[in-house]
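What follows is a single structure, written as structure tokens, with notes after it.
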Amino acid sequence: MSVTGFIGLGIMGKPMAKNLVKAGYDLVVYDIVKDAVDEVAAAGAQAASSVAEVAAKADVIVTMLPNSPQVEDVVLGADGVLANAKPGTVIVDMSSISPIIAREVAAACEAKGVTLIDAPVSGGEPKAIEGTLAIMAGGDSAVFERVKPILEKMGSSVTLVGDVGSGNVTKLANQVIVALNIAAMSEAMVLATKAGVDPEKVYHAIRGGLAGSTVLEQKIQKVLTGNFDPGFRIELHIKDLQNALDASHAVNVPLPLTASVMELMQMSKAAGDAGNDHSGLIKQYERLSGVEVRAGKE
Ligand code: NAD
């Protein structure tokens, strides 16, 4: 039976890997954090002690790493996947990285007979746990069809959007929409609270209208309770917006609202909030307005 590899067992990778084990895949896993490897091994995976070990054992290797430099390091590094993989290996990179780098890494792989599909995800930790992520893929359609059954164990929507790199372009579009939604929710709730209206009642009044959104539904409780444990960290969203600005400038597209929200997120980071959930961006608005948006506050 073929072996599937999984590298990067963080907030997202850990539950995604566990879902593959649950679905019956023979999974070999690695992360630089040994506790994470041990936890997924306890759920039934084989523990590996290096990237090279995963590459030598697996035919399909999923990566779920923070950003472009880590993907370059794990795939192209001296003792990385490419240096140790058999020709015909497929890498499914599910990290959210620069589409420009995704294409460069894929080209280096292609030269060695290894195919890379970029397949970033949306949905966050809750959907990673449920196995209901939205997965947006780019790459060769025949290879995509081969790995689709694996992706379907982690996501409820799996879409091939185009050539390699298209998955990450789609993810950047997603991240621009999410960031701007969070900023809009923050502005609206700070306005309501400072103007003397209970933000929880505002939420209930507007959620069924045009302002209702998935962001509002998933994030309002964090705002109303003031618990900004991640979820999706502000520092990762800054990374995505930087990748969006770089990719947009490369094709001569200005993103004025994205640039503004990027700077607000940088203010949050400078204030020590980088590790908070991205809904914690509202704290930056609260500091600017001298008000806290919490349940029962008006
Ligand atoms: P994370 O930081 O929790 O996990 C990344 C993991 O990669 C860590 O366990 C880290 O130890 C490991 N790692 C780093 N360098 C490594 C290396 N050289 N070799 C092996 N392992 C290495 O991040 P996350 O929240 O799981 O996010 C992973 C990716 O998914 C990011 O690109 C992120 O933008 C994207 N994403 C996250 C969410 C979310 O809600 N957290 C949602 C959608 C997409």
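First listed ligand is number 1; within each ligand, the first listed atom is number 1.
We find that Asp273 and Arg287 are joined by a salt bridge, their nearest charged nitrogen and carboxylate oxygen being less than 4.0 Å apart. For the pair Asp277 and Lys219, the salt-bridge criterion is met [side-chain N within less than 4.0 Å of a carboxylate O]. Salt-bridge formation is not detected for the pair Lys269/Glu235: no Lys NZ or Arg NE/NH1/NH2 atom is positioned less than 4.0 Å from an Asp or Glu carboxylate oxygen.
In this structure the side chain of Ile100 reaches within 4.5 angstrom of the side chain of Glu104, judged on heavy atoms. Between Asp79 and Val51 there is no side-chain heavy-atom pair separated by less than 4.5 Å.
Residues satisfying the side chain to side chain donor-acceptor pair (under 3.5 Å) criterion with Glu187, sequence neighbours excluded, are Tyr285.
If you look at Met94 next to ligand 1, there are no close heavy atoms at all, none under 4.0 Å. The part of Leu236 lying near ligand 1 is the side chain, judged by heavy-atom distances below 4.0 Å. Proximity of Ile32 to ligand 1, defined as any heavy-atom pair under 4.0 Å, is shared by backbone and side chain alike.
The nearest non-hydrogen atom to atom 44 (C) of ligand 1, considering only Asn67, Val121, Asn168, Val71, comes from Val121.
Listed by number with element, the atoms of ligand 1 under 4.0 Å from a non-hydrogen atom of Val74 are 17 (C), 18 (N), 19 (N). Each of the atoms 11 (O) of ligand 1 lies under 4.0 Å from some heavy atom of Val33. Interface atoms of ligand 1 facing Ile7, defined by a heavy-atom separation under 4.0 Å, are 20 (C). Every atom of ligand 1 with a heavy atom of Lys171 under 4.0 Å away is listed here by number and element: 43 (C), 44 (C).
Distance from atom 3 (O) of ligand 1 to its nearest protein heavy atom, with residue and atom name: Ile11 N, 2.9 Å. Protein heavy atom nearest atom 35 (C) of ligand 1, with residue, atom name and distance: Ser96 OG, 3.5 Å. The protein non-hydrogen atom at the shortest distance from atom 30 (O) of ligand 1 is Met64 CE, 3.0 Å. The single protein non-hydrogen atom nearest to atom 32 (O) of ligand 1 is Pro66 O, 2.8 Å, given as residue, atom name and distance. When hydrogens are left out, the protein atom nearest atom 39 (C) of ligand 1 is Phe232 CD1, 3.2 Å; that is the closest non-hydrogen contact. Among protein heavy atoms, the minimum distance from atom 12 (C) of ligand 1 is reached at Asp31 OD2, 3.2 Å. Closest protein heavy atom to atom 4 (O) of ligand 1: Gly10 CA, 3.2 Å. When hydrogens are left out, the protein atom nearest atom 29 (C) of ligand 1 is Leu65 O, 3.3 Å; that is the closest non-hydrogen contact.
Residue Gly231 places a heavy atom under 4.0 Å from ligand 1. The shell of residues lying under 4.0 angstrom from ligand 1, judged by heavy atoms, includes Lys239.
The distance criterion of under 3.5 Å between nitrogen or oxygen atoms is met by Arg233 with respect to ligand 1. Polar contact check, Met12 against ligand 1: a nitrogen or oxygen pair lies under 3.5 Å apart.
In terms of heavy atoms, Ala179 sits closest to His237 at CB-NE2, 3.5 Å.
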For residues 246-258, which side-chain N or O atoms pair as donor and acceptor with protein atoms under 3.5 Å away, sequence neighbours left out?
| from | atom 1 | to | atom 2 | distance (Å) |
| --- | --- | --- | --- | --- |
| Asp246 | OD1 | Gln242 | NE2 | 3.1 |
| Ser248 | OG | Ala244 | O | 3.2 |
| Ser248 | OG | Leu245 | O | 3.0 |
| Ser248 | OG | Val253 | O | 3.2 |
| His249 | ND1 | Leu245 | O | 3.2 |

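Both Met189 and Met265 are part of a single hydrophobic cluster, where members link through side-chain heavy atoms under 4.5 Å apart. Hydrophobic clustering (ILVMFWY, side-chain heavy atoms < 4.5 Å, transitive): Ile182 and Leu236 are in distinct clusters.
Side chain to side chain, Gln46 and Asp26 meet the donor-acceptor criterion of an N or O pair below 3.5 Å. Side-chain contact annotation: Asn243 with Ser98, donor-acceptor N/O pair under 3.5 Å absent.
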